[in-house]
2 protein chains.
Amino acid sequence: MAKADSIGQLEQLVLTAILRLGDDAYGVSIHSTVEELTKPRAVSLGAIYVTLDRLESKGMLTSRLTDPTPERGGRAKRCYRLEALGERALKESAVTAKRMWDMIGSALGGRKWVKEY
Amino acid sequence: MAKADSIGQLEQLVLTAILRLGDDAYGVSIHSTVEELTKPRAVSLGAIYVTLDRLESKGMLTSRLTDPTPERGGRAKRCYRLEALGERALKESAVTAKRMWDMIGSALGGRKWVKEY
DNA sequence: GCCATTACTCCAACAATGTAAGAGAAATCG
DNA sequence: CGATTTCTCTTACATTGTTGGAGTAATGGC
């Protein structure tokens, strides 16, 4: 393994989406939440599933299959749940991200250096 | 190339350090600034140089060799300068990082969920 | 029942990035 | 000169990112 429990960018984004989505975190909803974060950059659905698999095998999250919903095409979903290990890794990487944001802000003079967002 | 101008985690950290260091951005100083951000996680010097090379070949930064300083062992340094392309990529990824931070914060109830930092 | 359609999951192959470990060059000090 | 210190750069490999498409279920209309 690379190191303790470091995670990559997409992994962070995926964990964040799961945290936010709570009980309704499954492939497609996670995908759209992630794209909300990376906008305007797109992310393919496949990338999400691959990342989900890897995070699960690292023990950062667990999954279960739900019953199909009575919607057109609504088939069974695999819902994910954030585990303690995953939450810890997410928080740690978020702190680094925040420090970076602050450093950039102060280096650029504290003024608003970005209008979007 | 992966996509437009997306950059990885270490790349973001390195660009941030260069922005912050201004005229004194070279391998060793960048390394210590990056570790200040990732603390308590360590990063090897080699990782920094490799990343610097890659960023330079992408046109995100340029470098020049400086004259040696009159210090014990003070040899010539290769100083880096952030180019427009790099600054743009950094800002973009920083915005995503900030959105993630905010989403985590609101998902966790707005309370202070981390004491360190 | 069948078929078109929709929502969703998962795999395989490849590209980019992250990381460690160590070799090697240049300068100062005694 | 030789020891020491600061710094750069390379190699080799591990992990993560990304795409594109295959495959499975369920619904609704005919």
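Within every chain, numbering begins at 1; the chains are lettered A, B, ... in the order of the sequence lines, protein sequences first and strands thereafter.
Note that OG1 of A:Thr66 is 10.0 Å distant from CZ of A:Arg75, once rounded to the nearest 0.5 Å. Annotation: the span from B:Glu11 atom CD to B:Ser93 atom OG amounts to 9.5 Å, rounded to 0.5 Å. Here the CD atom belonging to B:Glu35 is positioned 10.5 Å from the CG atom belonging to B:Leu13, to the nearest 0.5 angstrom.
Where A:Ile48 and A:Ile7 each meet DNA chain D at their nearest nucleotide, the meeting point lying more 5' is that of A:Ile7.
As rounded to whole Å, 14 Å separates atom C1' of C:dT17 from atom CG of B:Leu52. Rounded to whole Å, the distance from CG on A:Asp53 to P on C:dC10 is 7 Å. The distance between atom CZ of A:Arg41 and atom P of D:dG17, rounded to the nearest whole Å, is 14 Å. Here the P atom of nucleotide D:dG17 and the CG atom of B:Asp5 are 18 Å apart, to the nearest Å. The interatomic distance linking B:Tyr80 (OH) with D:dC7 (P) rounds to 14 Å, in whole Å. Going from atom CG of A:Leu65 over to atom P of C:dC8 covers 14 Å, rounded to whole Å. Summarising the geometry, the separation between NZ on A:Lys58 and P on D:dA14 is reported as 16 Å, rounded to the nearest angstrom. Counting to the nearest Å, the P atom of C:dT17 and the CD atom of B:Glu11 are 5 Å from each other.
Applying the side chain to side chain contact (heavy atoms under 4.5 Å, CB included) test to B:Thr69 and every residue at least two apart in sequence or in another chain returns B:Glu71, B:Lys77. A:Thr16 meets the side chain to side chain contact (heavy atoms under 4.5 Å, CB included) test with A:Leu37, A:Leu90, B:Met100, B:Met103, B:Ile104; sequence neighbours excluded.
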Anything under 3.5 Å between a donor and an acceptor, one on a side chain of residues 17-31 of chain A, the other on a protein residue two or more places apart or in another chain? List them.
unit_1  : atom_1 : unit_2  : atom_2 : d
A:Ser29 : OG     : A:Asp24 : O      : 2.8
A:Ser29 : OG     : A:Tyr26 : N      : 3.1
A:Ser29 : OG     : A:Tyr26 : O      : 3.1
A:His31 : NE2    : A:Val43 : O      : 2.6

Please output the side-chain donor-acceptor pairs of residues 81-88 of chain A that fall under 3.5 Å, not counting sequence neighbours, one pair per line with the distance.
unit_1  : atom_1 : unit_2  : atom_2 : d
A:Glu83 : OE2    : A:Thr62 : OG1    : 2.8
A:Glu87 : OE2    : A:Lys91 : NZ     : 3.4
A:Arg88 : NH2    : A:Asp5  : OD2    : 3.1

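Closest non-hydrogen pair, B:Lys58 versus B:Ser6, comes out as NZ-O, 3.9 Å.
At the phosphate of D:dC9, OP1 or OP2 sits under 4.0 Å from a side-chain N or O atom of B:Arg78. Note on A:Lys77: every side-chain N or O is 4.0 Å or more away from OP1 and OP2 of D:dT24.
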Where protein sits on nucleotides 22-30 of chain C, one letter per nucleotide: B base, S sugar-phosphate only, - none, heavy atoms under 4.0 Å: --BBBBBS-
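If you check residues 15-31 of chain A against DNA chain C, the residues with a heavy atom closer than 4.0 Å are A:Tyr26, A:Gly27, A:Val28, listed by number.
Listed for the A:Arg41 side chain is no donor-acceptor partner under 3.5 Å among the backbone atoms of B:Glu92.
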